[in-house]
Amino acid sequence: MMFYEETLLYGRYIVCEKEDIQQLPVNVKVVPAILEKRCGRCQSKILKKWQLPNNMSYCWICAKMGRITSNNYLVTMEEPNNFKNNENPCIWEGKLTKLQQTISDQQLTALSTKTSHLTYAVTGAGKTEMLFPMLTQAIIDNMRIAVVAPRIDVVIELQKRIQAAFNIPFVTLYGGSKDEYKYTQLVIATTHQLMGFKEAFDVIVLDEADAFPYAGNEVLEHVTKQALKKTGICFYLTATLNQQLKRLVQKNEIAFSTLPKRFHGYALPNITIKFIYNWRLKLPSKIIRHVRRLKKLQIKFLLFVPEVTDVEMIVSKLRKVDINVLGTYAADEKRLEKVQLMRDEKIDGLVTTTILERGVTFKGIDVLILGGDEKIFTAPTIIQIAGRCGRSIERPTGTVTAYVREKTKQLNIAIAEINYLNVLGKKYDM
């Protein structure tokens with residue numbers, strides 16, 4: 001038997017055994033976990049091969065959130081918004097620029113009219129800070145809020161900024177998170193964690209709305225809608241619009257704001273192309289000279305490579321020339337530790353796959369892209385990578401260098417888009 005605390009069921013989807021149903025609180029809603037060969041939690045169709053030795057079916061798609069079988073039930077209770085009154089939740093002492101304030105006011109209007117909203121702003125525009133007035137008002141209005149992103153690195157960055165800016169209890173949920181779920185007005189999480197919620201939130205903020213694995217993922221799109229109340233709204237944030245977001249704007253299904261200028265007013269760094277050959281066979285001397293120069297100038301760097309197998313190879317070669325680097329990738333269990341070492345400036349640089357293309361901020365760094373002509377480096381990815389540069393007032397500029405064998409269409413598109421945004425940004429008064 002399992003005891004269920006009532007608050008842990010508010011707006012949640014909890015997997016329950018049949019024999020535990022009698023222990024549930026009054027007014028709980030109970031539904032079969034798998035009904036008509038479809039998972040009630042993620043709505044995936046259950047395939048014949050997803051079967052246990054005892055002939056029970058299970059959902060493979062959402063198994064990482066806890067096994068769910070045809071013998072289970074999903075239980076939930078209606079979200080009551082039972083929170084303590086908080087009239088001064090925001091303790092941030094910063095000040096928005098004139099352009100940021102305009103976007104923030106538009107977000108507040110969307111909140112008051114219960115209209116979903118998209119903010120399209122260049123990397124380094126201050127998208128998180130622009131949210132603070134809207135989040136503050138939503139908290140004061142006793143709304144329940146989820147701030148979510150597809151990737152763990154982005155979630156951790158959001159956690160740091162929100163924790164510094166708000167005096168409010170919250171829980172942070174992602175695979176490997178040290179937080180244990182508790183009932184709070186604010187939840188910060190990966191989009192996968194929304195599988196555990198049912199009509200819980202009045203507001204969902206979806207940062208990096210165009211990013212993998214959320215973009216184009218029907219399961220994650222479904223669970224986001226499932227976690228939102230019927231009267232709830234979404235605030236989408238992105239620096240690289242995809243077709244799906246463009247269609248929502250074109251159909252007038254969401255309000256739209258754009259900001260093509262960084263918070264400090266400096267232009268986005270564009271990409272310098274340098275040609276190399278056989279870099280996997282032998283690391284070109286021009287790259288070695290490049291990173292040695294950065295070390296001498298005490299400029300830290302991110303070096304992006306196309307494949308996981310490239311990471312350790314490049315780390316090994318750079319260490320041989322006295323460059324103190326670490327390497328990381330999506331499945332690296334020590335990735336968060338290495339990212340923190342980079343933030344703390346304990347290493348010269350970090351060699352990484354595209355896992356760090358977005359959502360992470362390192363002050364004053366330069367960026368190198370090795371093999372920037374390979375397929376993994378799409379135009380949106382290149383733009384996001386370039387956006388890791390120049391993110392601080394102390395060093396608002398920086399260099400982005402792509403080492404390639406040929407100049408691809410994707411590189412041309414990225415360069416043209418950055419140029420366009422910089423020209424457009426000049427027309428905006430800070």
Side-chain angles (χ1 to χ4, degrees), residues 94 121-129 149-165 174 207-208 211 237 239-240 262-272 287 290-305 311 314-315 318-319 323-330 332 334-370 372 377 380-403 418:
V122 296
T123 57
K127 290 187 287 293
T128 306
E129 288 72 20
R151 298 185 182 180
I152 292 174
D153 306 87
V154 180
V155 169
I156 292 172
E157 186 84 19
L158 288 166
Q159 176 194 19
K160 291 176 184 292
R161 294 193 188 187
I162 290 173
Q163 189 169 31
Y174 56 85
D207 196 8
E208 306 292 357
L237 310 177
T240 46
R262 293 184 139 189
F263 77 96
H264 47 52
Y266 284 78
L268 283 163
N270 214 322
I271 301 141
T272 299
I287 295 176
H290 188 158
V291 294
R292 277 178 166 166
R293 183 173 69 252
L294 293 179
K295 182 173 182 175
K296 185 176 180 180
L297 295 171
Q298 296 186 324
I299 296 172
K300 308 302 181 183
F301 64 89
L302 280 177
L303 194 160
F304 288 85
V305 294
V311 173
I314 298 302
V315 167
L318 289 179
R319 284 177 176 172
I323 306 296
N324 180 19
V325 293
L326 293 173
T328 193
Y329 47 89
D332 181 7
K334 295 185 177 180
R335 183 172 86 246
L336 304 182
E337 297 173 30
K338 293 173 182 178
V339 167
Q340 191 58 49
L341 287 171
M342 180 70 178
R343 283 199 180 98
D344 295 339
E345 299 185 350
K346 298 289 180 65
I347 53 178
D348 296 329
L350 196 57
V351 179
T352 179
T353 59
T354 55
I355 189 65
L356 295 185
E357 74 182 45
R358 59 179 79 217
V360 290
T361 297
F362 304 107
K363 293 183 178 180
I365 67 167
D366 278 4
V367 168
L368 296 79
I369 310 172
L370 184 52
F377 294 114
T381 295
I382 295 165
I383 292 168
Q384 288 284 0
I385 287 172
R388 298 313 98 205
C389 261
R391 297 179 70 90
S392 67
I393 293 176
E394 294 79 13
R395 188 171 183 251
T397 57
T399 64
V400 183
T401 308
Y403 287 93
I418 292 171

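Only heavy atoms go into these numbers, but all of them, side chains included; no hydrogens, no water, no symmetry mates.
Considering CD1 of Ile323 and CD1 of Ile347, their distance stands at 12.0 Å, rounded to 0.5 Å. Between atom CG of residue Leu268 and atom OG1 of residue Thr397 there is a gap of 12.5 Å, rounded to the nearest 0.5 Å. Between the CG atom in Leu302 and the CD1 atom in Ile365 there is a gap of 4.0 Å [rounded to 0.5 Å]. Between Cys389 atom SG and Asn270 atom CG the span is 11.0 Å, to the nearest 0.5 Å. Separating the CG atom in Asp332 from the CD1 atom in Ile355 is a distance of 10.5 Å, to the nearest 0.5 Å. Distance check: Phe301 CZ to Leu350 CG gives 9.0 Å after rounding to the nearest 0.5 Å.
Between Gln384 and Glu208, some side-chain heavy-atom pair lies under the 4.5 Å cut-off. Between Phe304 and Thr381 the shortest side-chain heavy-atom distance does not fall below 4.5 Å. Two residues are said to be in side-chain contact when any heavy atoms from C-beta on lie closer than 4.5 Å; Arg151 and Tyr174 fail this criterion. The side-chain heavy atoms of Thr240 and Arg358, taken from C-beta on, include a pair separated by under 4.5 Å. Contact annotation: the side chain of Val154 never approaches that of Ile152 to less than 4.5 Å [non-hydrogen atoms, C-beta and beyond]. Residues Ile271 and Ile418 meet the side-chain proximity criterion, which asks for heavy atoms closer than 4.5 Å.
Residues meeting the salt bridge (charged side-chain N to carboxylate O under 4.0 Å, His left out) test with Arg343, sequence neighbours left out: Glu157.
In the model, Thr328 has no side-chain atom that pairs as donor or acceptor with a side-chain atom of Arg335 under 3.5 Å.
Asp153 places no side-chain N or O within donor-acceptor distance of the main-chain N or O of Leu356, the cut-off being under 3.5 Å. Under the 3.5 Å distance criterion, the side-chain polar atoms of Arg161 are left unmatched by any main-chain donor or acceptor of Thr128. Side chain of Arg262 to backbone of Gly390: a donor-acceptor contact under 3.5 angstrom is found. The closest donor-acceptor contact from the side chain of Asp344 to the backbone of Lys346 lies at 3.5 Å or more, if one exists at all.
Within 6.0 Å of atom CD in Glu394, more than 12 heavy atoms from other residues, nucleotides or ligands are found, so the atom counts as buried in its surroundings.
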Exercise. Begin with the C-alpha distance, continue with both residues' side-chain angles, and end with the deciding distance and a verdict on salt bridge (Lys or Arg N to Asp or Glu O under 4.0 Å) for Asp366 and Arg395.
Key: CA-CA 10 Å; Asp366 278 4; Arg395 188 171 183 251; 2.9 Å; yes
Practice problem: I would like to know whether Arg293 and Leu297 meet side chain to side chain contact (heavy atoms under 4.5 Å, CB included); could you show each step before the answer? | Solution: CA-CA 6 Å; Arg293 183 173 69 252; Leu297 295 171; 4.0 Å; yes
Exercise. Starting from the C-alpha separation in whole Å, work towards a yes-or-no answer on side chain to side chain contact (heavy atoms under 4.5 Å, CB included) for Ile385 and Val367.
Key: CA-CA 8 Å; Ile385 287 172; Val367 168; 3.5 Å; yes
Practice problem: Output, in order, the C-alpha distance, side-chain angles, deciding distance and verdict of side chain to side chain contact (heavy atoms under 4.5 Å, CB included) for Ile369 and Thr401. | Solution: CA-CA 6 Å; Ile369 310 172; Thr401 308; over 6 Å; no
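Looking at Lys127 and Asp207, no side-chain N of the basic residue comes within less than 4.0 Å of a carboxylate O on the acidic one, giving no salt bridge. Using a 4.0 Å cut-off between charged side-chain N and carboxylate O, Arg388 and Glu357 make no salt bridge.
Closest of all the heavy-atom pairs between Val339 and Phe362 is O-CE2, 3.6 Å. Minimum interatomic distance between His264 and Ile393 (heavy atoms only, all atoms of both residues): CB-CG1, 4.2 Å. Pairing each heavy atom of Pro269 with each of Gly398, the nearest pair is CB-O, 3.7 Å. The shortest heavy-atom contact between Ala239 and Thr123 is CB-CG2, 3.6 Å.
The only option from Leu326, Asn324, Ile299, Leu294 that meets the side chain to side chain contact (heavy atoms under 4.5 Å, CB included) definition with Asp348 turns out to be Asn324. A side chain to side chain contact (heavy atoms under 4.5 Å, CB included) with Val351 is found for one member of Leu368, Leu370, Val315 and no other, namely Val315.
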